[in-house]
Amino acid sequence: MYLHTDVSKESDIKAVVEYAQDKFGRLDCMFNNAGFSIMTKPIDETPLEEFDKFVRVHLLGVFLGIKYSASVMKTQGTGSIINTASVAGLSATGGHYAYMSCKAAIVHLSRTVAMELGEHGIRVNSICPGVIATPIFTNTLDLTPKQAEKAMVFFKSWLAKSQPIQRFGMPEDIANAALWLASDESSFVNGHALVVDGGYVGGKMWSEHQTERSQIVAEMMKALEE
């Protein structure tokens, strides 16, 4: 079932939780996963209203999702709340300050709320996706559908050289992680940031690091001979 929801509006989040409760009589899982394209402007050129809109969806929306699902789950004495963060929230490089700071906040929000709600039988965790094949990578470029398709091919080629698991992450990879966190199989997992990124957050690939190391050693030895 589907109910159109603007996660930045408190009334909408309240309504969607009530909708689920009315339909099923309970709420076992809340997956706060909404987002939109990454901002690209430098901080000194970012209008306040643009930053505010970004924070309201990416961070306030998660807060509201937690708030209204927690009130239902406390009564049940059980539940799983899952929040989409990002590997961008675990590093200070490779992204835009607004996106990265919101995702870092989601990781810590999940951890701190997990300590509060765990006592009520409610688990709170976050998922930190790596580079996933979704329109978020092309929406900011004002491309036609055909151009966007070609752009995704380029991104896939780039990813093949950037992480140990040399493929694009797929939405199914994140869905599987969320299903696990929602299930009883993860019943002892609370306050965790689950990284699903093919090894991207680990930094340079081992082979690349070894090549650079060899080049540096060769240059050093040459310099010592002079």
Side-chain angles (χ1 to χ4, degrees), residues 1 3 5-36 54-92 95 98-130 132 134 136 169 171-197 200-201:
M1 291 177 287
L3 181 67
T5 305
D6 181 342
V7 299
S8 69
K9 295 182 179 178
E10 186 170 14
S11 58
D12 277 22
I13 292 291
K14 183 174 184 292
V16 78
V17 170
E18 290 175 348
Y19 181 76
Q21 194 176 19
D22 290 343
K23 292 292 183 181
F24 300 105
R26 57 185 295 112
L27 182 65
D28 294 302
C29 175
M30 181 67 159
F31 186 17
N32 297 302
N33 185 49
F36 61 91
F54 193 88
V55 173
R56 289 185 66 81
V57 170
H58 287 86
L59 184 56
L60 178 64
V62 173
F63 160 74
L64 292 173
I66 296 173
K67 174 183 177 179
Y68 282 97
S69 57
S71 63
V72 176
M73 292 176 178
K74 276 185 177 181
T75 302
Q76 299 170 173
T78 184
S80 174
I81 299 173
I82 307 165
N83 306 313
T84 297
S86 171
V87 292
L90 306 176
S91 170
Y99 183 80
M100 300 179 82
S101 58
C102 282
K103 294 304 184 180
I106 290 169
V107 170
H108 205 55
L109 175 64
S110 302
R111 286 177 180 151
T112 53
V113 175
M115 300 301 294
E116 175 186 342
L117 297 182
E119 297 181 30
H120 300 276
I122 305 167
R123 297 183 297 111
V124 185
N125 295 286
S126 61
I127 298 177
C128 296
I132 309 299
T134 72
I136 197 170
E172 291 82 359
D173 294 315
I174 307 306
N176 288 332
L179 286 170
W180 180 71
L181 288 174
S183 74
D184 292 337
E185 292 179 356
S186 62
S187 61
F188 204 51
V189 179
N190 190 37
H192 180 61
L194 179 58
V195 177
V196 186
D197 73 340
Y200 180 81
V201 76

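Please read all numbers here as calculations on a predicted model, not as lab measurements.
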Q.
Give me the atom names and distance for the closest heavy-atom approach of Val17 to Tyr68.
A. CG1-O, 3.7 Å
Q: Look up atom SG in Cys128 and atom CG in Asp197, then write down how far apart they are to the nearest 0.5 Å.
A: 9.0 Å
Q: Let me see the working for Val124 and Asn83 under side-chain contact (heavy atoms from CB on, under 4.5 Å), right down to the final yes or no.
A: CA-CA 8 Å; Val124 185; Asn83 306 313; 3.7 Å; yes
Q | Heavy-atom neighbours of His108 NE2 exceed 12 at 6.0 Å | A | no
Q) Closest approach of Ile82 and Cys29, non-hydrogen atoms and distance? A) CD1-SG, 3.9 Å
Q. How many angstroms lie between CD in Glu119 and NZ in Lys74, if you round to the nearest 0.5 Å?
A. 10.0 Å
Q: For Val189 and Asn125, run side-chain contact (heavy atoms from CB on, under 4.5 Å): C-alpha distance rounded to whole Å, both residues' side-chain angles, the deciding distance at 0.1 Å, then the answer.
A: CA-CA 8 Å; Val189 179; Asn125 295 286; 3.6 Å; yes
Q. Distance-only, no hydrogens or angles: does the Ser101 side chain make a donor-acceptor pair with backbone N or O of Ala98 under 3.5 Å?
A. yes
Q: Kindly give the heavy-atom pair with the smallest separation between Leu194 and Ala177, and that separation in Å.
A: CD2-CB, 3.8 Å
(Q) Between Ser186 and Arg123, is there a side-chain donor-acceptor contact under 3.5 Å, judged purely by atom types and distance? (A) yes
Q | Rounded distance [0.5 Å steps], OG in Ser80 versus CG in Leu27 | A | 10.0 Å
Q: Could you tell me which non-hydrogen atom of Ala85 sits nearest to which non-hydrogen atom of Val107, and how far apart they are?
A: CB-CG2, 3.6 Å
**Q.** Separation between CD of Glu10 and CG of Leu60, rounded to the nearest 0.5 Å
**A.** 8.0 Å
**Q.** Criterion side-chain contact (heavy atoms from CB on, under 4.5 Å) on Ile106 and Ser110, from CA distance to verdict
**A.** CA-CA 6 Å; Ile106 290 169; Ser110 302; 4.1 Å; yes
Q: State whether the side chain of Thr5 and the backbone N or O of Val7 hold a donor-acceptor pair below 3.5 Å, judged by distance alone.
A: no
Q. Checking side-chain contact (heavy atoms from CB on, under 4.5 Å) against Val196, which of Asn176, Ile174, Val87 comes through?
A. Ile174
Q: Salt-bridge test for Asp28 and Arg26: reply yes if a basic N is under 4.0 Å from a carboxylate O, no otherwise.
A: yes
Q: With rounding to the nearest 0.5 Å, note down the distance linking NZ in Lys14 to OG in Ser69.
A: 14.0 Å
Q: To the nearest 0.5 Å, tell me how far Phe36 CZ sits from Tyr99 OH.
A: 11.0 Å
Q | Partner residues of Gln21 under the side chain to side chain contact (heavy atoms under 4.5 Å, CB included) criterion, sequence neighbours left out | A | Val72
(Q) Let's go through Asp6 and Lys9 carefully: what are the C-alpha distance in whole Å and the side-chain angles of both, what is the deciding distance for side-chain contact (heavy atoms from CB on, under 4.5 Å) to 0.1 Å, and is it a yes or a no? (A) CA-CA 6 Å; Asp6 181 342; Lys9 295 182 179 178; 3.4 Å; yes
Q) Is there a side-chain contact between Phe63 and Arg56, using heavy atoms and a 4.5 Å cut-off? A) no
Q: Report, as yes or no, whether the 6.0 Å neighbourhood of atom CG on Asp22 holds more than 12 heavy atoms from other residues, nucleotides or ligands.
A: yes
Q. Looking only at heavy atoms, what is the nearest atom pair of Ser86 and Lys103, with distance?
A. CB-CG, 3.6 Å
Q: Grab the two heavy atoms, one from Ala70 and one from Ile81, that are nearest each other, plus how far apart they are.
A: N-CD1, 4.4 Å
